[in-house]
Amino acid sequence: QVQLVESGGGLVQPGGSLRLSCAASGSIFSINAMGWYRQAPGKQRELVATITSGGSTNHADSVKGRFTISRDNAKLTVYLQMNSLKPEDTAVYYCTMGLVVAVPWRYEYDYWGQGTQVTVSS
């Protein structure tokens with residue numbers, strides 16, 4: 001069974017940093033694009049950052065210059081380095097991946113993790 005397991009969330013003071021990780025496991029043949037979304041209470045889900053299989057990245061304007069997405073293909077892992085955190089960054093953060101699953105063979109164009117809470121507060 002394929003799983004995406006996120007880690008690294010928590011409580012941090014404004015101006016602090018966190019690094020989120022999302023590791024895929026299971027019968028995975030390859031991973032295409034990866035991304036991070038977030039959803040704050042009472043707000044719509046927001047796309048935060050994406051990274052292609054070739055390593056090209058995009059970041060939402062609200063996090064540009066502060067957040068950086070990266071990936072380690074050997075570890076089937078995507079990261080989100082978050083610096084200069086603000087209270088408005090408080091949300092549940094979700095990773096998502098496009099996966100080619102080996103057994104049973106199929107393409108999961110939008111596979112999601114369970115989410116990790118990030119709270120920025122003094």
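Heavy atoms only: backbone and side chains are in, while hydrogens, waters and symmetry mates are out. On a predicted model such as this, the values are computed, not experimentally measured, just so you know.
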Is a donor on one side and an acceptor on the other found under 3.5 Å between the side chain of [X] and the backbone of [Y]?
X	Y	value
Glu6	Cys95	yes
His59	Ile69	yes
Arg106	Ala102	no
Thr96	Tyr111	yes

Check the pair Ser121, Leu11 against side chain to side chain contact (heavy atoms under 4.5 Å, CB included), reporting the backbone distance first and the verdict last.
-> CA-CA 7 Å; Ser121 175; Leu11 173 64; 4.2 Å; yes

Is there a side-chain contact between [X] and [Y] in this structure, where contact means two heavy atoms from C-beta onward sitting under 4.5 Å apart?
X	Y	value
Tyr109	Asn32	no
Thr119	Val12	no
Met82	Leu20	yes
Ile31	Asn73	no
Ser70	Val78	no
Val118	Thr90	no
Pro14	Pro87	yes
Gln81	Ser17	yes

Taking all non-hydrogen atoms of both residues, which atom of Val101 and which atom of Ser27 are closest, and how far apart?
-> CG1-O, 3.1 Å

Shortest non-hydrogen contact from Leu4 to Ala24?
-> CD2-CB, 3.4 Å

Common cluster, [X]/[Y], ILVMFWY with side-chain heavy-atom separation under 4.5 Å:
X	Y	result
Met34	Val100	no
Val48	Val92	no
Trp105	Phe29	yes
Ile51	Leu80	yes

OH/Tyr107: more than 12 non-hydrogen atoms of other groups inside 6.0 Å | yes

For residues 23-43, pull every pair meeting salt bridge (charged side-chain N to carboxylate O under 4.0 Å, His left out), keeping only residues two or more places apart or in separate chains.
->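 Matches after skipping sequence neighbours: Arg38-Glu46, Arg38-Asp89.
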
Applied to residues 12-21, the salt bridge (charged side-chain N to carboxylate O under 4.0 Å, His left out) test, sequence neighbours excluded, yields none

Is it true that the NZ or CZ of Arg71 lies under 6.0 Å from the centre of Tyr79's six-membered ring and within 45 degrees of the ring axis?
-> no

Taking the six-membered ring for Trp and the full ring for Phe, Tyr or His, determine whether the centres of Tyr37 and Trp112 are under 6.0 Å apart.
->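 Yes, ring centres under 6.0 Å apart.
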
Point-to-point distance, once rounded to the nearest 0.5 Å, from OG1 of Thr57 to CZ of Phe67 = 14.5 Å

Side chain to side chain contact (heavy atoms under 4.5 Å, CB included) between Met97 and Ile28: does it pass, once the steps are laid out?
-> CA-CA 11 Å; Met97 298 184 185; Ile28 297 170; over 6 Å; no

